[in-house]
Each structure stands twice: as structure tokens, then as C-alpha cells.
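Reviewing the structure listed below.
Sequence positions, counted from 1, serve as the residue numbers for this chain.
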Amino acid sequence: ALRKTVGNALRGVPHCAPRMNPLHITSTTNPRVKAAARLRDRSGRNDQGRIIIDGVREISLAIASGIEVAELFYFPELCHDEAHTDLLEAASAAKVSLLEVTPQVMEKLAYGQRVEGVVAVAATPRRTLADLHLLDNALVAVVERVEKPGNLGAILRTADAAGVAALIVADGGTDLY
């Protein structure tokens, strides 16, 4: 599905090249690709202490918020717009390893039918209450023992819409990443 979508996306699209010389990966059995693909499972994330991030917006936000992004896999023929260019430049400036991949590798790494052409690997963020800096009278929500990721996502979106400044997950039963 990705190869067909990629083929359609290539028509009349300029190539986006980062300023750094990326490593080229063509094999789905490359150790870096296999390690990244294992991050789709909770056990892989726990074993490696890393997470996988899909999408231009999500990776850009991770870099901007100081998440330690280690690798950025990208398929250059889908990196044709300003958002992709900005992401690749920000990743390069943050000393992220840029890994140019083939459609087959991107298909192995991308989540579901997402075809944004970028996937990143980052250290699992560790946040404590000491990291939380709030304004006076900030609204904070605390949730406990939420077991399903979808429920936690719904709570997070609702809290955001209600203007909650922070959401604290206590005794979380769900994998946050």
C-alpha cells in the first residue's frame, strides 16, 4: 500500500535533501530498522528504553520540547513540503542521526497506513513532579489506574479542551507510549 501511495506522491514532487549527509538504509533486516520496528510492542519499548514517534507534527513537537530523539528515518520522496524540510533541518541541528530509507523500510516502520515519510526513535521521556512548572492557580487533573490507552487519550483530549494545565497519571496501568 505504501509503495503505491509513494508512487502517486512522487509525480511532480521535488526532492527534499537535508544539509547533513544521511546514512542510507535499504534493507528491512538492517539492525537499526529491526530495533526500531520492535518499539511497536511494549516489551520492545521497555527493553530498549526507547519509543517510536510517527509523523512530522509529532516528531517536530518532540524535538522542540527537548525529547532526546536519536534517529530519524525518512523517505526523501515524501519530504517535499516546508514542514518536512523544517523537521529535517531541526533534526540535523539537534544532532539526530538522519537515516534515508527505501519505501520497503518505511513500510516496515510506519504505523498502519500513515505515509508521512518520517519515523523517529527517541529515549523514553522521564518526567517527575519536579519537572512540572505551573502558574499560580493552575488547573491540574490527576487520573489513577487508567488501563486502556484509548481511555487515557480521551481523558487527555478532554483535559486539554477544558484548559487543564497538567495531567498527572498516578499508578498508570497503561503504556503511555
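Not counting sequence neighbours, the partners of Asn30 by the side-chain contact (heavy atoms from CB on, under 4.5 Å) test are Ile25, Arg32, Val33. Residues that satisfy the side-chain contact (heavy atoms from CB on, under 4.5 Å) test with Ser43, not counting sequence neighbours, are Asp41. With sequence neighbours left out, Arg40 forms a salt bridge (Lys or Arg N to Asp or Glu O under 4.0 Å) with Asp54. With sequence neighbours left out, Thr28 forms a side-chain contact (heavy atoms from CB on, under 4.5 Å) with Gln104, Val105, Lys108. Not a single side-chain hydrogen bond (donor to acceptor under 3.5 Å, both in side chains) links Thr26 to another residue, sequence neighbours left out.
Within the 4.5 Å cutoff, the side chain of Val121 has heavy atoms near those of the Phe73 side chain. Within the 4.5 Å cutoff, the side chain of Tyr74 has heavy atoms near those of the Leu98 side chain. Val118 has its side chain within reach of Leu72: a pair of non-hydrogen atoms, C-beta onward, lies under 4.5 Å apart. No side-chain heavy atom of Leu39 sits less than 4.5 Å from a side-chain heavy atom of Ile51. Residues Arg38 and Gln48 form a side-chain contact, since some pair of their non-hydrogen atoms from C-beta on lies under 4.5 Å apart. His84 has its side chain within reach of Asp81: a pair of non-hydrogen atoms, C-beta onward, lies under 4.5 Å apart.
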Name every donor-acceptor pair, under 3.5 Å, that has one atom in a side chain of residues 131-138 and the other anywhere in the protein, sequence neighbours excluded.
| residue | atom | partner | partner atom | Å |
| --- | --- | --- | --- | --- |
| Asp131 | OD2 | Thr128 | N | 2.9 |
| Asp131 | OD2 | Thr128 | OG1 | 3.4 |

In a table with atom names and distances, give each donor-acceptor pair under 3.5 Å that connects a side chain of residues 58-65 to protein atoms at least two apart or in another chain.
| residue | atom | partner | partner atom | Å |
| --- | --- | --- | --- | --- |
| Glu58 | OE1 | Arg114 | NH2 | 3.4 |
| Ser60 | OG | Val56 | O | 2.8 |
| Ser65 | OG | Leu61 | O | 3.0 |
| Ser65 | OG | Ala62 | O | 3.1 |

Can you give the donor-acceptor pairs under 3.5 Å from side chains of residues 148-164 to other protein atoms, not counting sequence neighbours?
| residue | atom | partner | partner atom | Å |
| --- | --- | --- | --- | --- |
| Arg157 | NH1 | Gly153 | O | 3.3 |
| Thr158 | OG1 | Ala154 | O | 2.8 |

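Annotation: the span from His24 atom NE2 to Thr102 atom OG1 amounts to 12.0 Å, rounded to 0.5 Å. One finds the CZ atom of Phe75 at 11.0 Å from the CD atom of Glu107 (value rounded to the nearest 0.5 Å). Rounded to the nearest 0.5 angstrom, Glu71 CD and Leu109 CG are separated by 9.5 Å.
Put simply, Leu23 and Val101 are part of the same group of oily side chains (I, L, V, M, F, W, Y) that touch within less than 4.5 Å, one to the next. Grouping the Ile, Leu, Val, Met, Phe, Trp and Tyr side chains by contacts below 4.5 angstrom, directly or via other members, places Leu129 with Val140.
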Open item on the list: side-chain contact (heavy atoms from CB on, under 4.5 Å), that's the test. Do Val143 and Ile168 meet it? Break it down for me.
Closed with: CA-CA 6 Å; Val143 297; Ile168 299 171; over 6 Å; no

Open item on the list: Pair Ile53, Val119 - check side-chain contact (heavy atoms from CB on, under 4.5 Å), show working.
Closed with: CA-CA 6 Å; Ile53 308 168; Val119 174; over 6 Å; no

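Cluster partners of Tyr111: none. The rule joins Ile, Leu, Val, Met, Phe, Trp and Tyr whenever side-chain heavy atoms lie under 4.5 Å apart, and it links nothing here.
Looking at every heavy atom in both residues, Met106 comes nearest to Gly117 through CE-O, 3.4 Å. The minimum heavy-atom distance linking Ala122 with Ile67 is given by the pair CB-CG2, 3.8 Å.
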